[in-house]
Amino acid sequence: MEHPIITIAELPQHVGRKVTLRGWVYNWRKKGKIRFVILRDGFGYLQCVVFRPEVPEPVWEAAVALTRESSLQITGVVAEDQRAPGGYELKVSDIVPIQIAPEYPIGKKEHGVDFLLNHRHLWMRSRRQHAILHVRAELEQAIRDFFHGRRYTLIDSPILTPAACEGTSTLFETEYFGEKAYLSQSGQLYLEPAAAAFGKVYCFGPTFRAEKSKTRRHLTEFWMVEPEVAWLRFDGLLDLIEEFLSEIVSRVLDRCSEDLERLERDITVLEPATRRPYPRLDYADAIAALADRGHPAEFGDDFGGDEETVLASLHDRPVLVTRYPTKIKAFYMEPDPGDPARALAVDVLAPEGYGEIIGGSERISSYELLERRIAEHELPRDAFEWYLDVRRYGSFPHSGFGMGIERCTSWLCGIHHAREAIPYPRTINRLYP
RNA sequence: UCCGCAGUAGCUCAAUGGUAGAGCGGGUGGCUGUUAACCACUAGGUUGGGGGUUCAAGUCCCUCCUGCGGAGCCA
């Protein structure tokens, strides 16, 4: 056959020509001697028109036999037509069914969350889920390009670890040749030594938290990107976060307009985030701002979801909340030289109630202080000797942050729940599919 | 772990303590331009499990299971 096999994305270049496409039946409609088959091939959707008087009877019968999500190869002439969704349609001349699907579980009307998550492997075929996961993929590529373009070295951190990285969260425990091992809850500690080896590094991988969280922002397995930079001080970290966020948001807005449109995402609320600077809010000022708005909080309190939403709503773009009290932050965070009760820590709160998408800090560079903090937090010293080595052999100021991919994707897509922002969500009571 | 909500047809949901229904999906038929097409007909149920109250329980009570939402924790 001389006609080419193409994807739906390539349609505009083949108007008036005969082509073959391969894909799945997204939906079909019939009206007498006309059948409309909506083809889905992963790149788009295409209305294919089968007109009984113009095709051989076996082709008509093949069209009649098609069910939703049956796989097929279909051939016809590409035509522009205002009546077709998307503006193009295929005047079908041949159909080769590959497999006729039985009754498809996911209907055209609404479904419940539990049902959809039980069918996540099929749900991702739907337009909305396809758009979300496509945005996620673009976001991840933007992140990799951001760091690679700035000569960061990718350091893959281990998943299996001997002990708690931060000692606070619950860890998934597993058996490792007779010893206990834990699934990593952060790659950061492993990146600090790498920063001494490569200067600028980042890791990007899955992270595990065994907390029994049941909120729209939590997953037990999620993806996190964590850069770590030698010689970077706190102010420089805040600049890096701004540069990073504004660039990746711009990239997604630039390349995912169709997806965001399908998700009915209001682009104008994301656009301010493409512009610097971002507002910076000192923790003490955040406390005061909350009190003014009927959310009394005392110095030393951490912020809950409601408080985060109030603080984020003060601005039109992500807000950097800085210099939290030392005692509510991780053991490795550098104290503020001007106020040792505060840590050089930053949380980035996304607008519209999407909450904390980034957490970062300058790290302690003093061997003695880090040693003391490990003791204060009652962490097993033996398990942290290698970490102390970073301060023992050529200690240096350094900073870094971590960003949760699902929370960022949720914010960009304007979706309700982080579980839609990951292909196969893992939550407290979901390990299937 | 705590608090709240829910579980009825394949799916989404109705049903004063009194004969379990609708829409979608499936099947059959009709229609030459449909846009989650429409129209007609049709099949489809141990009302999450167990126990109790009652002449009578999808409905009220107890208990267990499962799921959802929130809190804490965090990205």
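Sequence lines set the chain letters: A, B, ... in the order given, protein chains first and strands last, and positions in each chain run from 1. Model, not experiment: these values are computed from the prediction.
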Next item on the list: Indicate, with a heavy-atom threshold strictly under 4.0 Å, whether A/G359 touches base, sugar-phosphate, or nothing.
Entry: sugar-phosphate
Margin query: Suppose you measure atom C1' in B/A40 against the same atom in B/C62; what distance do you get, rounded to whole Å?
Written below: 49 Å
Check: Counting only Watson-Crick or G-U wobble pairs whose two distances fall under 3.5 Å, which nucleotide matches B/C24?
Finding: B/G10
Notebook entry, point to check: From the list B/C73, B/U34, B/G33, which nucleotide is the closest neighbour of the side chain of A/V49?
Noted result: B/G33
Next item on the list: Using a 4.0 Å heavy-atom cut-off across all strands, classify A/M224 as base, sugar-phosphate, or nothing.
Entry: sugar-phosphate
Margin query: Heavy atoms only, 4.0 Å cut-off, all strands: where does A/F115 land among base, sugar-phosphate and nothing?
Written below: sugar-phosphate
Margin query: Using the side-chain heavy atoms of A/K30, tell me which of these nucleotides is nearest: B/G30, B/A75, B/U34.
Written below: B/G30
Next item on the list: Would you indicate, yes or no, if B/C11 has its OP1 or OP2 atom less than 4.0 angstrom from a side-chain nitrogen or oxygen of A/K109?
Entry: no
Check: Which pairs, with at least one residue in residues 16-40 of chain A and sequence neighbours excluded, count as a salt bridge (Lys or Arg N to Asp or Glu O under 4.0 Å)?
Finding: A/R40-A/E69
Check: Nearest of B/U34, B/A75, B/G33 to any side-chain atom of A/I34?
Finding: B/G33
Item checked: P spacing across the pair B/A75 / B/C13, given as an integer number of angstrom -> 34 Å
Note to self: Roughly how many Å apart are B/G72 and B/A56, using the P atom of each and rounding to a whole number?
What the structure shows: 49 Å
Margin query: Under 5.5 Å centre to centre and under 30° between planes: does that hold for A/Y104 and the six-membered base ring of B/G25?
Written below: no
Checklist line | Donor-acceptor pair present, A/E103 side chain and B/G27 base, under 3.5 Å | finding: no
Next item on the list: Would you mind pulling out the nucleotide paired to B/C38, Watson-Crick or G-U wobble, both distances under 3.5 Å?
Entry: B/G30
Notebook entry, point to check: Any ion pair linking A/R407 and A/E308 (charged N to carboxylate O, less than 4.0 Å)?
Noted result: no
Check: So A/F115 and A/H119, would you call those rings parallel, tilted or perpendicular, with 30° and 60° as cut-offs?
Finding: tilted
Next item on the list: Please work out if A/I358 contacts a base, only the sugar-phosphate, or nothing of the nucleic acid, heavy-atom cut-off 4.0 Å.
Entry: sugar-phosphate
Next item on the list: Among the candidates B/U32, B/A75, B/G33, find the nucleotide nearest to the side-chain atoms of A/P53.
Entry: B/U32
Margin query: Check this for me: does the side-chain of A/S213 come within 3.5 Å of the base of B/C73 through a donor and an acceptor?
Written below: yes
Notebook entry, point to check: Is A/Q47 touching bases, backbone alone, or none of the nucleic acid, heavy atoms closer than 4.0 Å?
Noted result: base
Check: Considering only side-chain heavy atoms of A/E308, which listed nucleotide, B/A75, B/G33, B/C74, is closest?
Finding: B/C74
Next item on the list: Give A/D347 one of three labels, base, sugar-phosphate or nothing, depending on what nucleic acid heavy atoms sit under 4.0 Å from its own.
Entry: nothing
Item checked: Separation of B/C11 P from A/N118 CG (nearest whole Å) -> 10 Å
Check: With the sugar-phosphate defined as primed atoms, P, OP1 and OP2, and the base as all remaining atoms, what B/S/- string results for nucleotides 64-70 of chain B, 5' to 3', for protein heavy atoms under 4.0 Å?
Finding: ---SBBB
Notebook entry, point to check: Who are the side-chain contact (heavy atoms from CB on, under 4.5 Å) partners of A/S71, not counting sequence neighbours?
Noted result: A/W24, A/I98, A/Q99
Next item on the list: Using only heavy-atom distances, decide whether a donor-acceptor pair under 3.5 angstrom links the side-chain of A/H218 to the base of B/C74.
Entry: yes
Margin query: Applying a 4.0 Å non-hydrogen cut-off, can you work out what A/G112 is touching in the nucleic acid: base, sugar-phosphate, or nothing?
Written below: sugar-phosphate
Next item on the list: Output yes when A/R363 and A/E228 qualify as a salt bridge under the 4.0 Å nitrogen-oxygen rule, no when they do not.
Entry: yes
Item checked: SB check A/D239 A/R280 (cutoff 4.0 Å) -> yes
